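Report on the structure given below.
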Amino acid sequence: MKPSTIPSHKSGGRKQDSGLILLKMGGSVITFKEQPLSPNFECINDLSRIIASVDKPLIVVHGGGSFGHYWSVKYGMHTKPARYDLKGVSVVHESMIALNELLVKRLIESGAKPYSVMPSVFTQGLEPITERIEELESIAVGGVVPVTFGDIVHVAEQNYSILSGDALMTILAEVLLPPKVIFLVNVDGLYSDVGTKNIIQEINYETYKSATFSKTTSDVTGGMYRKIEEGLKIASLGIDVVLVNGLKPERVLNAINGDDFEGTLIRHEDRRG
Ligand code: IP8
C-alpha cells in the first residue's frame, strides 16, 4: 500500500476545526523510567480519570518509558532504519503492546472510551497514511479516544526502525492540524538552566538554541531534545504546543481545558489561514 501525501492545508487550504486535542503521555510519566518494566499506576489512574472527564475530541499517543526503551537499549535499536536483531523487533513491539494494554484497561475502568491503534495502522514505515489518520480524527469526534504509541516499525525488507511517540505527534499534527497539542513530561517544563530549574515559559527557535537540557541514558529517541524539536515543527504549522508536568493532574486538566497552565508554551508561528 502506498502512503498518501500530506493533504491540502500544506498548500494553503484549511480544514474544518473539530477542536481536536493531541495529547502525548511521555514514557517518563506513565512509567518509572529508571526501573525496567515498571508502570506508574498512580499517574496512569490520575490521567485516565482526567481523560474520562474531557468532553472534547482527543487522540492520545504514549511513549515507551521503561518498557519500549528498556528493550530497545538492550537490543541496540534506534530511530535509524537498520537490520536489527529480529528477536529484538518482536520483544520491543510486545513490550509496547503490553504497556498500551495496561493503559487502555485503566482508561476503560475510569470511564473513558479508548481504542488502541498500532502506529502501523496509519503509517507506512515512517510515512503517514493520510486517510487512516483522518479516520482517527473521525473516531475521536465520535467520542472514542484513539490511543497509539511509539513503536518499532517495519521500513523495508528486514529493516526496522523505532518510531517515537514524539515523531508520531508531528505525523498526526501535520495531517490533522489540531488547535492544541500537549506533551506531558516528568518535569515542570523546559529548563533554561537545569541547575536552577528555571522554566522557560515560552519558547521560540532562539531560546531553544540557548537552552540546556537534561539527558538520560535510557532513552533511545532523544528525550527532551526530541520533544522540543518535534514541538517546534508542530508550532511551525501554526499550532500552539504546550509542555506540561504530567505528574501534576491539575496542570494537565488546565492545559486541556485551555485555562492558564504552568509549563512551557511553544508558541505557534502564524501560518494558519
Ligand atoms: O518514548 C519510543 O517512543 P517514545 C518507543 O515516545 C520505543 O520515544 C519502542 C522505544
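When a ligand or atom number is given, it counts from 1 through the structure's own listing order. Only a predicted model underlies this, so the values are computations on that prediction, with no experimental measurement involved.
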With no hydrogens and no angle check, do the side chains of [X] and [Y] hold a donor and an acceptor under 3.5 Å apart?
X      : Y      : result
Ser116 : Asn100 : yes
Ser18  : Glu137 : yes
Ser236 : Glu269 : no

Which of the ligand 1 atoms, numbered from 1, are nearer than 4.0 Å to a heavy atom of [X]:
X      : value
Gly64  : 1 (O), 3 (O), 4 (P)
Asp166 : 6 (O)
Met96  : 9 (C)
Gly63  : 1 (O), 4 (P), 6 (O)
Gly150 : 3 (O), 5 (C)
Ser72  : 10 (C)

Whether Ser164 side chain and Ala167 backbone form a donor-acceptor pair below 3.5 Å: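 A pair under 3.5 Å: yes.
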Donor-acceptor contact present, side-chain Arg132 to main-chain Val121, <3.5 Å: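 Looks like yes, one N/O pair under 3.5 Å.
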Proximity to ligand 1 by part of Lys24, non-hydrogen separation under 4.0 Å: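 Side chain only; the backbone of Lys24 stays clear of ligand 1.
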Val92 contact mode with ligand 1 (heavy-atom cut-off under 4.0 Å):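 The part of Val92 near ligand 1 is the side chain, not the backbone.
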Matching residue for Met25 among Ile44, Ile51, Val61, Val147 - test: side chain to side chain contact (heavy atoms under 4.5 Å, CB included):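 Testing each of Ile44, Ile51, Val61, Val147 against Met25, the sole residue satisfying side chain to side chain contact (heavy atoms under 4.5 Å, CB included) is Ile51.
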Given Val155, Leu168, Asp151, Thr79, the one that forms side chain to side chain contact (heavy atoms under 4.5 Å, CB included) with Leu163: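 So the option named by the test is Leu168.
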Contact with ligand 1 for Ser164, non-hydrogen, under 4.0 angstrom: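 The answer is yes, since Ser164 has a heavy atom less than 4.0 Å from ligand 1.
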Distance in Å, Glu174 CD paired with Ile234 CD1, rounded so as to fall on 0.5 Å steps: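 That separation rounds to 8.0 Å.
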Do any nitrogen or oxygen atoms of [X] come within less than 3.5 Å of a nitrogen or oxygen of ligand 1?
X      : result
His69  : yes
His62  : no
Leu163 : no
Gly165 : yes

Carboxylate-amine/guanidinium contact Glu109 Lys105, below 4.0 Å: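 Salt bridge absent between Glu109 and Lys105.
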